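Comments concern the structure below.
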Amino acid sequence: MASSKLQALWNHPAGPKTIHFWAPTFKWGISIANVADFTKPPEKLSYPQQIAVTCTGVIWSRYSTVITPKNWNLFSVNIVMAGTGLYQLARKLQ
């Protein structure tokens, strides 16, 4: 059973043999860095950077649901990007 699921993932049009897998996988680094910045004082956060992270997350989350094949890795990383960006902007505005 696990073997067939791994085979399906491997052969998926957005699987590890394609850029459609690796680009969002490496994009997780941006989200992880933004989470690491949760401990940073809000005054050291950048409005332009957090607006860009938030907008990127919102725009590409939508895009990932309308393309074929659906890329759930891209969707999830961008939902997290939008969420962390919004959280950082809220911290900066307070």
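What you see is a predicted model; the values in this text were computed from it and never measured. Counting from 1, the numbers follow the sequence of the chain as shown.
- At most 12 heavy atoms of other shown residues, nucleotides or ligands fall within 6.0 angstrom of atom CZ in F26.
- At least one donor-acceptor pair closer than 3.5 Å links the side chain of R91 to the backbone N or O of K40.
- The nearest pair of heavy atoms linking V66 to R62 is CG1-NH1, 2.9 Å.
- From T39, atom OG1 reaches atom NZ of K44 across 10.5 Å, with rounding to the nearest 0.5 Å.
- Applying the ring pair (Phe, Tyr, Trp, His ring centres under 6.0 Å) test to pairs two or more places apart or on separate chains, those with a residue in residues 41-62 are W60-Y63.
- Going from atom CD1 of I30 over to atom OG1 of T84 covers 9.5 Å, rounded to the nearest 0.5 Å.
- A distance of 12.0 Å separates NE2 of H12 from NZ of K17, quoted to the nearest 0.5 Å.
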I'd like a table of donor-acceptor pairs (distance under 3.5 Å, sequence neighbours excluded) in which one partner is a side-chain atom from residues 71-81, with atom names and distances.
from	atom 1	to	atom 2	distance (Å)
N71	OD1	N73	N	3.3
N71	OD1	L74	N	3.1
N71	ND2	H20	O	2.6
N73	OD1	W28	NE1	3.1
N73	ND2	F21	O	3.4
N73	ND2	T25	OG1	2.9
S76	OG	W72	O	3.1
S76	OG	N73	O	3.1
N78	OD1	K27	NZ	2.8
N78	ND2	L74	O	2.8

Original post:
Where do V53 and Q88 land on the side-chain contact (heavy atoms from CB on, under 4.5 Å) test, with the steps shown first?
Top reply: CA-CA 10 Å; V53 167; Q88 295 288 48; over 6 Å; no

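- D37 CG to Q49 CD: the interatomic distance, rounded to the nearest 0.5 Å, is 7.0 Å.
- A donor-acceptor pair is defined here as one N or O able to donate and one able to accept, closer than 3.5 Å; such a pair exists between the side chain of T18 and the backbone of G15.
- The NZ atom of K92 lies 6.0 Å from the CG atom of L45; values are rounded to the nearest 0.5 Å.
- No path of Ile, Leu, Val, Met, Phe, Trp and Tyr side chains, each step under 4.5 Å between heavy atoms, connects I51 with L86, placing them in separate hydrophobic clusters.
- Residues Q7 and N11 form a side-chain contact, since some pair of their non-hydrogen atoms from C-beta on lies under 4.5 Å apart.
- L89 contributes atom CG, which lies 4.5 Å from atom OG1 of T54 (distance to the nearest 0.5 angstrom).
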